[in-house]
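Following: one structure in structure tokens, then a few remarks.
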2 protein chains.
Amino acid sequence: MALKRRNTEIKEGILHILTGSKAALSQTDVEEQLNVPADRATIFRTLNRFVEDGIAHRIVSEEGKSYFAVCTGKCASGHHHDAHYHFHCLECRKMECMKDEIQVKLPKGYKLMQANVVLTGICAACR
Amino acid sequence: MALKRRNTEIKEGILHILTGSKAALSQTDVEEQLNVPADRATIFRTLNRFVEDGIAHRIVSEEGKSYFAVCTGKCASGHHHDAHYHFHCLECRKMECMKDEIQVKLPKGYKLMQANVVLTGICAACR
DNA sequence: CTGTGTGCAAAGGGTTTGCAAGTAC
DNA sequence: GTACTTGCAAACCCTTTGCACACAG
């Protein structure tokens, strides 16, 4: 079972940033946008806690960096429906969450637990 | 334009390993399977060169690690068709290349250049 | 008061680079 | 001989952890 959570300024600040952002944000992004001073480790732990608690989901870019975005409705703790895909723009570096989910037809016997789908290219705004 | 390539034992050894493997391999995997002694940096550069030259493609796992696999036919230098998806087994840690390609319907104006699709779970062999 | 949250500092792990020596052609 | 390759060593970047103190409930 999960630990109890407390409300703190930092947590709410981070959540507010995530909620207000259309794109998924890296830890560094969050760090820069946060107006409350906070340690790297704190942000790291907070983001991970959000993922654990089903508040946000993590996307790993093709560069190996983690990005975070608030979950849209369907996510529950430990059971994410984040099979929607993401678009990472090489120009503006934004990691956008796309609405559509990918359709996967896994062979027999395979148990799917998570999906990490990142498309890379140039977004509409940058062309 | 690309540099000229030379044939060396290390390069051929690495290529042989990749060709003979059904799963995509990490740099460490290659390092362990290589019978010729080779430096980390060399393997790193060789793998990257393979990707540049269109011989192999790179897949980044949900953990941020890179995996490499030989391209299947359609890949050309700088223009990969690696939109097929990959399955990363949490049990045996294998990164399998699946044959099917994902279908993506990108919004207008988006230019797709690369895809990194990794599904995570338990593979058939591990259940 | 109890246990979660935070900061500081340091380690970890994979990736990347500079430079000089080695070697394919 | 030229220029691509390799090894060594070190740097890099993001991520992660230990520990002691701060603070919400």
Side-chain angles (χ1 to χ4, degrees), chain A residues 1-18 24-53 55-69 77 88 93 95 116 118 120, chain B residues 1-18 24-53 55-69 77 88 93 95 116 118 120:
Chain A
M1 60 199 173
L3 295 180
K4 277 184 188 164
R5 305 304 188 200
R6 286 178 180 170
N7 292 325
T8 65
E9 202 179 354
I10 290 181
K11 251 191 225 171
E12 284 176 5
I14 295 178
L15 187 55
H16 183 254
I17 290 173
L18 287 184
L25 302 175
S26 70
Q27 185 178 314
T28 315
D29 294 332
V30 172
E31 202 168 342
E32 286 168 356
Q33 292 185 33
L34 198 57
N35 38 21
V36 196
D39 192 78
R40 232 175 308 156
T42 303
I43 298 177
F44 165 75
R45 285 184 279 228
T46 304
L47 289 172
N48 280 333
R49 224 159 288 162
F50 283 169
V51 173
E52 277 175 33
D53 294 350
I55 297 173
H57 64 267
R58 175 202 309 271
I59 313 124
V60 179
S61 76
E62 76 290 348
E63 295 165 306
K65 271 179 69 176
S66 289
Y67 288 77
F68 300 86
S77 183
H88 199 192
R93 308 266 77 195
M95 173 76 86
N116 192 75
V118 179
T120 313
Chain B
M1 61 204 173
L3 296 179
K4 277 183 187 163
R5 306 303 188 201
R6 286 178 179 169
N7 292 324
T8 65
E9 201 179 353
I10 291 181
K11 252 190 226 172
E12 285 176 4
I14 295 178
L15 186 55
H16 183 255
I17 290 174
L18 286 184
L25 303 176
S26 70
Q27 185 179 313
T28 315
D29 294 334
V30 171
E31 203 168 342
E32 286 168 356
Q33 293 184 33
L34 197 57
N35 38 20
V36 196
D39 192 79
R40 231 177 309 156
T42 304
I43 298 177
F44 165 75
R45 284 184 279 230
T46 304
L47 289 172
N48 280 333
R49 222 158 290 163
F50 283 169
V51 173
E52 276 175 34
D53 294 351
I55 297 173
H57 64 267
R58 174 203 308 272
I59 313 126
V60 179
S61 76
E62 76 290 347
E63 296 165 305
K65 271 179 71 174
S66 289
Y67 289 77
F68 301 85
S77 183
H88 199 195
R93 310 266 75 194
M95 174 74 88
N116 192 76
V118 179
T120 313

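Labels below follow one simple rule: chain letters A, B, ... track the order of the sequence lines, proteins then strands, and each chain is numbered from 1.
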Practice task
May I ask you to verify if any side-chain N or O of A:K11 is less than 4.0 angstrom from the OP1 or OP2 atom of C:dG5?
Solution key: yes
Practice task
Check whether any side-chain nitrogen or oxygen of B:R49 sits under 4.0 Å from OP1 or OP2 of D:dC4, and answer yes or no.
Solution key: no
Handout entry: Side chain to side chain, B:N116 and B:R58, heavy atoms closer than 4.5 Å
Key = no
Problem - Distance in angstrom units between B:D39 CG and C:dT17 C1', rounded - result: 12 Å
Handout entry: Ring centroid separation B:H88 to B:Y67 under 6.0 Å
Key = yes
Problem - Distance test, side-chain N/O of A:T8 to OP1/OP2 of C:dT6, below 4.0 Å - result: yes
Exercise for the section: Send over the distance from B:I59 CD1 to C:dG14 P, rounded to a whole Å. Expected result: 17 Å
Exercise for the section: Measure from the side chain of B:N7, starting at C-beta and using heavy atoms only, and say which of C:dA9, C:dC25, C:dG5 lies closest. Expected result: C:dC25
Exercise for the section: Please evaluate the base of C:dG5 for a donor-acceptor partner in the side chain of A:R5 within a cut-off of under 3.5 Å? Expected result: no
Handout entry: A:R93/A:E63 salt bridge by N-O under 4.0 Å criterion
Key = yes
Handout entry: Contact check, side chains of B:F68 and B:I14, non-hydrogen atoms, under 4.5 Å
Key = no
Fill in the blank from the handout: In whole angstroms, the gap separating C1' of D:dT15 from CD of B:E62 amounts to 15 Å
Exercise for the section: Could you check how far CD of A:Q27 sits from C1' of C:dT6, rounded to whole Å? Expected result: 14 Å
Completion exercise
B:R6 has its side chain closest, among D:dT2, C:dG5, C:dT17, to D:dT2
Practice task
For B:T28, report the nucleic acid contact type (base, sugar-phosphate, nothing); a contact means any heavy atom under 4.0 Å.
Solution key: nothing
Handout entry: Out of D:dT6, D:dC14, D:dA10, whichever nucleotide has its closest atom nearest the side chain of B:T42
Key = D:dT6
Exercise for the section: Examine C:dT6: is either OP1 or OP2 under 4.0 Å from a nitrogen or oxygen in the side chain of A:T46? Give yes or no. Expected result: yes
Practice task
Please work out if B:S66 contacts a base, only the sugar-phosphate, or nothing of the nucleic acid, heavy-atom cut-off 4.0 Å.
Solution key: sugar-phosphate
Problem - Side chain of A:A38 (C-beta onward), nearest among C:dT17, C:dT6, C:dG7 - result: C:dG7
Fill in the blank from the handout: With the side chain defined as heavy atoms from C-beta on, A:R45 is closest, among C:dG14, D:dG7, C:dC8, to C:dC8
Handout entry: Beyond-backbone contact of A:D53 with A:R5, side-chain heavy atoms, under 4.5 angstrom
Key = yes
Completion exercise
By nearest-nucleotide position on DNA chain C, the 5'-leaning member of A:R40 and A:I43 is A:I43
Practice task
Specify the separation, in whole Å, of atom CD of A:E31 and atom C1' of D:dT16.
Solution key: 14 Å
Practice task
Report the distance from atom CG of B:L34 to atom C1' of D:dT6, rounded to the nearest whole Å.
Solution key: 13 Å
Fill in the blank from the handout: To the nearest angstrom, the CD-P distance between B:E12 and D:dC4 comes to 18 Å
Problem - Interatomic distance, A:L25 CG vs D:dC14 C1' [rounded to whole Å] - result: 16 Å
Practice task
Please report the closest heavy-atom contact between A:K11 and A:F50, naming both atoms and the distance.
Solution key: O-CZ, 3.7 Å
